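Data block below; observations after.
Source: prediction; values computed, not measured.
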Amino acid sequence: MSSTPHDPFYSSPFGPFYRRHTPYMVQPEYRIYEMNKRLQSRTEDSDNLWWDAFATEFFEDDATLTLSFCLEDGPKRYTIGRTLIPRYFSTVFEGGVTDLYYILKHSKESYHNSSITVDCDQCAMVTQHGKPMFTKVCTEGRLTLEFTFDDLMRIKTWHFTIRQYRELVPRSILAMHAQDPQVLDQLSKNITRMGLTNFTLNYLRLCVILEPMQELMSRHKTYNLSPRDCLKTCLFQKWQRMVAPPAEPTRQPTTKRRKRKNSTSSTSNSSAGNNANTTGSKKKTPAANLSLSSQVPGLGAIPNCSLNPGRDGDLCHSTAVTPSGQFKEKH
């Protein structure tokens, strides 16, 4: 197919001054347009390498893809990582889909420091099915995308919440089999569940088991260990992270303050006040302990915790009973 001046990839033969530039980094939806073009260029011979290159072009290395929908047995939510995203798109075509593209209407964009968020409440995933019968399925929902704000502008998070779906059968096929009740009964049955094929749903259920095993697979691929050794190593490292004490926060060094030299009068006043406090505490302590000893005769030692610090600055001190029956403080 020859390119036209309306094609964004059109290159004029008259030189670079007549070339139309691609509106890159202006509309984030343009990346979805490029994704649709790449999916349309898929062939029957596309292998795992083609799908991995597709995911590398449009998804970040730490990207996540989330699907939320409601089936007959309740709501479902599946989240897969970057290594499982290529297989997800390939399962869509393995279920009988011949064409896949996304339509975004009235999307809202928000720019951040390092990312761009696109929120589209009226998104449609359109799939064209060739088997078991020719059917067009429109899956509608809300699509939220987060792009990295750089030259590659790849997807970091993909969240598609499915609300409803419609399966459209051409009238020509209905008219062709109007006299065959068995075929009409087969045409009246749905070929998808919430717009997803059984291949895709089974893969998402399998991802619940595969996603936690990504660490084992990557370790086996990196170090060429046996599955048992990979499991032992991962469990040991996880146990170390659980047992290791948390790092203590760094404390700021305390600055020493110079003591002021007190005058003679202040020194005498403070010493007088200290003597009064000590004599008061000595008078109060035996009185308090005397009531306890009178209630419990023969008491050897009575722990006593008070808010008044002792001579060494401790809050807790004890009193002991001497053989003569007098009380003596112990610190």
Side-chain angles (χ1 to χ4, degrees), residues 28 31-32 34-36 38-39 42 46-71 75-95 97 100 102 112 114-120 123 125 127 139 141-162 194-225 227 229-242:
R31 290 296 284 165
I32 304 300
E34 289 183 338
M35 178 185 293
N36 294 336
R38 188 70 70 247
L39 291 173
R42 182 200 64 91
S46 299
D47 54 0
N48 294 332
L49 296 178
W50 190 93
W51 286 110
D52 190 69
F54 164 80
T56 303
E57 182 180 358
F58 295 100
F59 290 90
E60 283 288 332
D61 297 337
D62 57 345
T64 58
L65 186 145
T66 304
L67 292 176
S68 302
F69 48 90
C70 188
L71 295 179
K76 306 293 181 182
R77 180 187 176 97
Y78 298 99
T79 301
I80 59 178
R82 164 64 181 81
T83 55
L84 302 177
I85 290 177
R87 181 63 179 162
Y88 161 75
F89 282 95
S90 64
T91 56
V92 175
F93 291 90
E94 291 176 3
V97 174
L100 167 65
Y102 295 87
H112 308 281
S114 60
S115 63
I116 305 174
T117 303
V118 177
D119 189 2
C120 182
C123 176
M125 181 182 70
T127 54
T139 308
R142 179 178 182 179
L143 180 62
T144 305
L145 303 174
E146 182 182 357
F147 294 88
T148 55
F149 195 33
D150 55 8
D151 296 336
L152 297 178
M153 201 172 179
R154 296 187 297 183
I155 300 173
K156 191 173 183 180
T157 58
W158 172 298
H159 190 181
F160 186 37
T161 304
I162 301 175
M194 291 303 294
L196 303 175
T197 61
N198 290 329
F199 279 82
T200 303
L201 288 176
N202 292 334
Y203 177 71
L204 292 176
R205 296 190 188 100
L206 185 62
C207 287
V208 177
I209 304 174
L210 293 177
E211 189 66 32
M213 296 178 62
Q214 292 303 308
E215 186 177 358
L216 297 176
M217 296 178 182
S218 61
R219 188 174 295 276
H220 170 71
K221 186 177 180 180
T222 304
Y223 301 103
N224 197 16
L225 299 176
D229 293 338
C230 291
L231 181 59
K232 289 181 179 179
T233 308
C234 292
L235 290 177
F236 179 71
Q237 292 183 355
K238 186 176 182 180
W239 175 80
Q240 280 185 330
R241 291 193 295 265
M242 294 173 60

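Counting heavy atoms from C-beta outward, Leu196 and Ile162 have side chains that approach closer than 4.5 Å. Side-chain atoms of Arg154 and Asp61, non-hydrogen and from C-beta on, do get closer than 4.5 Å to each other. Under the 4.5 Å side-chain criterion, counting only non-hydrogen atoms from C-beta, Ile155 is not in contact with Arg31. Under the 4.5 Å side-chain criterion, counting only non-hydrogen atoms from C-beta, Lys76 is not in contact with Leu204. Two residues are said to be in side-chain contact when any heavy atoms from C-beta on lie closer than 4.5 Å; Asn36 and Leu100 fail this criterion. Side-chain contact check for Tyr203 versus Glu94: every heavy-atom pair is 4.5 Å or farther apart. For the pair Phe149/Ser115, no side-chain contact is recorded, criterion being any heavy-atom separation below 4.5 Å from C-beta on. Side-chain contact check for His112 versus Thr117: some heavy-atom pair is nearer than 4.5 Å.
When every heavy atom of Gly195 is checked against every heavy atom of Thr139, the shortest pair comes out as CA-OG1, 3.3 Å. Among all heavy-atom pairs drawn from Arg42 and Val97, the shortest one is NH2-O, 4.2 Å.
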Applying side-chain contact (heavy atoms from CB on, under 4.5 Å), run through Asp119 and Arg142 and close with a yes or a no. CA-CA 8 Å; Asp119 189 2; Arg142 179 178 182 179; 2.5 Å; yes
Steps toward side-chain contact (heavy atoms from CB on, under 4.5 Å) verdict (Leu143, His159): CA-CA 6 Å; Leu143 180 62; His159 190 181; over 6 Å; no
Could you give me the CA-CA distance, side-chain angles and deciding distance for Met213 and Leu231, then say whether side-chain contact (heavy atoms from CB on, under 4.5 Å) is met? CA-CA 10 Å; Met213 296 178 62; Leu231 181 59; over 6 Å; no
Could you give me the CA-CA distance, side-chain angles and deciding distance for Tyr88 and Leu65, then say whether side-chain contact (heavy atoms from CB on, under 4.5 Å) is met? CA-CA 9 Å; Tyr88 161 75; Leu65 186 145; 4.1 Å; yes
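Less than 6.0 angstrom separates the ring centroid of Trp51 from the ring centroid of Phe93. For Trp158 and Phe58, the ring centers are positioned 6.0 Å apart or more.
The environment of Asn48 atom CG is sparse: at most 12 non-hydrogen atoms of other residues, nucleotides or ligands sit within 6.0 angstrom.
The ring-ring contact (aromatic ring centres under 6.0 Å, His included) check on Phe160 picks up nothing, with sequence neighbours excluded.
For the pair Thr56 (side chain) and Asp52 (backbone), a donor-acceptor distance under 3.5 Å is present. When atom types are taken as modelled, the side chain of Asp47 and the backbone of Trp50 share a donor-acceptor pair closer than 3.5 angstrom.
Interatomic distance, OG1 of Thr79 versus CG of Leu84, reported as 11.5 Å (0.5 Å rounding). To the nearest 0.5 Å, atom CG of residue Leu67 and atom OG1 of residue Thr200 are 9.0 Å apart. Annotation: the span from Cys70 atom SG to Arg77 atom CZ amounts to 14.0 Å, rounded to 0.5 Å. Atom CZ in Phe54 sits 9.5 Å away from atom CD1 in Ile85 (nearest 0.5 Å). Here the SG atom belonging to Cys207 is positioned 9.5 Å from the OH atom belonging to Tyr78, to the nearest 0.5 angstrom. With rounding to the nearest 0.5 Å, the separation of CH2 in Trp239 from SG in Cys234 is 15.5 Å.
With Phe59 as the aromatic partner, Arg82 does not meet the cation-pi criteria of under 6.0 angstrom to the ring centre and within 45 degrees of the ring axis.
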